[in-house]
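Working notes for the structure below.
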Amino acid sequence: MKYLWLWLSLVGLLAGCSAPLKSDLPNEQVYRLAPVVDIAARRLPLTLYVPPLTATPALDSARISLIKPPSQQDFIAHSRWPDELPSYLHALILEGLARSEGFQAVSEQRLGRDASLKLLLRVTDFQAEYSADGKDEATIVVGITATLLTGKTPNLLKQQHYEARQTHVALRTGSIVAAMNQALSEVMAALLVDLQRAL
């Protein structure tokens with residue numbers, strides 16, 4: 001009887017140890033963007049090479065950035081992008097430029113030594129900014145600087161900063177992400193128009 005009690009206690013302890021651990025923290029929500037670039041682009045017989053994007057250090061993260069007055073950096077809790085922001089935007093912009101059919105090819109790798117064009121992109125803004133007057137709304141700012149180079153020995157064709165804003169956005173993550181999607185669509189459309197005009 002003494003050994004039976006010991007054996008039952010041991011089984012109970014083992015059963016307790018095998019129970020799955022649960023966290024009290026809420027699950028992270030992953031948000032995705034789907035920018036729409038509806039521009040009728042003429043097809044150019046050129047290859048466009050777009051190396052990985054760079055970003056300001058505050059944006060080099062998978063977290064969704066918030067700016068609180070006067071200039072405090074913060075993030076939306078338990079929310080993130082599917083990847084680090086520069087990598088994620090790189091994939092979206094590559095896809096958008098390829099879908100436009102404005103180029104013979106769009107690639108993240110140099111296709112041979114004589115790639116026709118090289119497009120350098122730097123993300124300067126991709127955040128929600130809280131209203132300074134205390135209203136329950138935000139302004140969305142998306143800013144990207146583009147540098148277009150051409151030739152074996154790179155020659156500068158064009159350098160331009162693109163910025164789009166969405167104002168009076170409700171302080172809800174879904175609304176903020178939707179406004180970021182719209183602002184990114186505007187930046188990408190303006191970029192594509194300028195790329196076509198520069199060539």
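Here the structure is a predicted model, which is why all the values come from computation and not from measurement. Computed over heavy atoms, backbone and side chain alike; hydrogens, waters and symmetry mates excluded.
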Under 3.5 Å, side-chain donor or acceptor atoms of residues 51-62 against the rest of the protein: list the pairs with distances, not counting sequence neighbours.
| unit_1 | atom_1 | unit_2 | atom_2 | d |
| --- | --- | --- | --- | --- |
| T54 | OG1 | R122 | NH1 | 3.3 |
| S61 | OG | R63 | N | 2.9 |

List the atom pairs, donor and acceptor, that lie under 3.5 Å between side-chain atoms in residues 136-143 and the rest of the protein, sequence neighbours left out.
| unit_1 | atom_1 | unit_2 | atom_2 | d |
| --- | --- | --- | --- | --- |
| E137 | OE2 | H168 | ND1 | 3.0 |

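Counting only distance, with no hydrogens or angles, the side chain of R42 and the backbone of G102 share no donor-acceptor pair below 3.5 Å. In terms of modelled atom types and a separation under 3.5 Å, the side chain of S79 and the main chain of Q29 share no donor-acceptor contact. The backbone N or O of D83 lies less than 3.5 Å from no partner atom in the side chain of S87, so there is not a single donor-acceptor pair.
Annotation: side chain of V177 is in contact with side chain of I64 (closest heavy-atom distance under 4.5 Å). With contacts defined as side-chain heavy-atom distances shorter than 4.5 Å, the pair R197/L195 does not qualify. Looking at Q104 and L44, their side chains never come closer than 4.5 Å, going by heavy atoms from C-beta outward. Between V106 and L94, the closest side-chain pair of non-hydrogen atoms falls below 4.5 Å. The side-chain heavy atoms of K68 and E129, taken from C-beta on, include no pair separated by under 4.5 Å. Contact annotation: the side chain of M188 approaches that of I93 to within less than 4.5 Å [non-hydrogen atoms, C-beta and beyond]. Side-chain contact between T124 and H161 is present, with heavy atoms from C-beta onward closer than 4.5 Å. Contact of the F126 side chain with the L85 side chain is registered, since non-hydrogen atoms from C-beta on lie closer than 4.5 Å.
Remark: Y49 OH to T150 OG1 distance equals 14.5 Å, nearest 0.5 Å. To the nearest 0.5 Å, atom CG of residue L121 and atom OG1 of residue T147 are 8.0 Å apart. Atom CG of L48 and atom CG of L117 lie 6.0 Å apart (nearest 0.5 Å). Expressed to the nearest 0.5 Å, how far CG of L157 lies from CG of D194 amounts to 12.0 Å. Taking CZ of R32 as the start and OH of Y88 as the end, the distance is 6.0 Å to the nearest 0.5 Å.
Residues L97 and V50 come closest through the heavy atom pair CD1-CG2, 4.3 Å. The nearest pair of heavy atoms linking Y31 to P82 is O-CD, 3.1 Å. Between R43 and F103, the shortest heavy-atom distance links the atoms NH1-O, 3.4 Å. The nearest pair of heavy atoms linking V169 to Q166 is CG2-O, 3.6 Å. The shortest non-hydrogen separation linking A164 to E186 is CB-OE1, 3.5 Å. Across every non-hydrogen atom of K158 and A198, the tightest pair is CD-CB, 4.2 Å.
Linking Ile, Leu, Val, Met, Phe, Trp and Tyr whenever their side-chain heavy atoms come within less than 4.5 Å puts L119 and V193 in one cluster.
Side chain to side chain, T145 and Q160 fail the donor-acceptor criterion of an N or O pair below 3.5 Å. One side chain, Q127 or D125, offers a donor N or O that lies under 3.5 Å from an acceptor on the other.
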**OP:** In sequence, state the C-alpha distance, the side-chain angles, and the governing distance for D74 and Y130, and then conclude on side chain to side chain donor-acceptor pair (under 3.5 Å).
**Re:** CA-CA 10 Å; D74 203 352; Y130 282 119; 5.9 Å; no
**OP:** Kindly indicate, with the supporting measurements, whether the criterion side-chain contact (heavy atoms from CB on, under 4.5 Å) is fulfilled by L92 and L89.
**Re:** CA-CA 5 Å; L92 291 171; L89 291 182; 4.3 Å; yes
**OP:** Please report the C-alpha distance between I76 and I176 in whole Å, then the side-chain angles of each, then the deciding distance to 0.1 Å, and finally whether the side-chain contact (heavy atoms from CB on, under 4.5 Å) criterion is met.
**Re:** CA-CA 10 Å; I76 297 179; I176 287 171; 4.1 Å; yes
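Applying the salt bridge (Lys or Arg N to Asp or Glu O under 4.0 Å) test to every pair with at least one member in residues 164-177, sequence neighbours left out, gives these pairs: E163-R165.
A salt bridge links R80 with E28: the closest approach of a Lys/Arg side-chain nitrogen to an acidic carboxylate oxygen falls below 4.0 angstrom.
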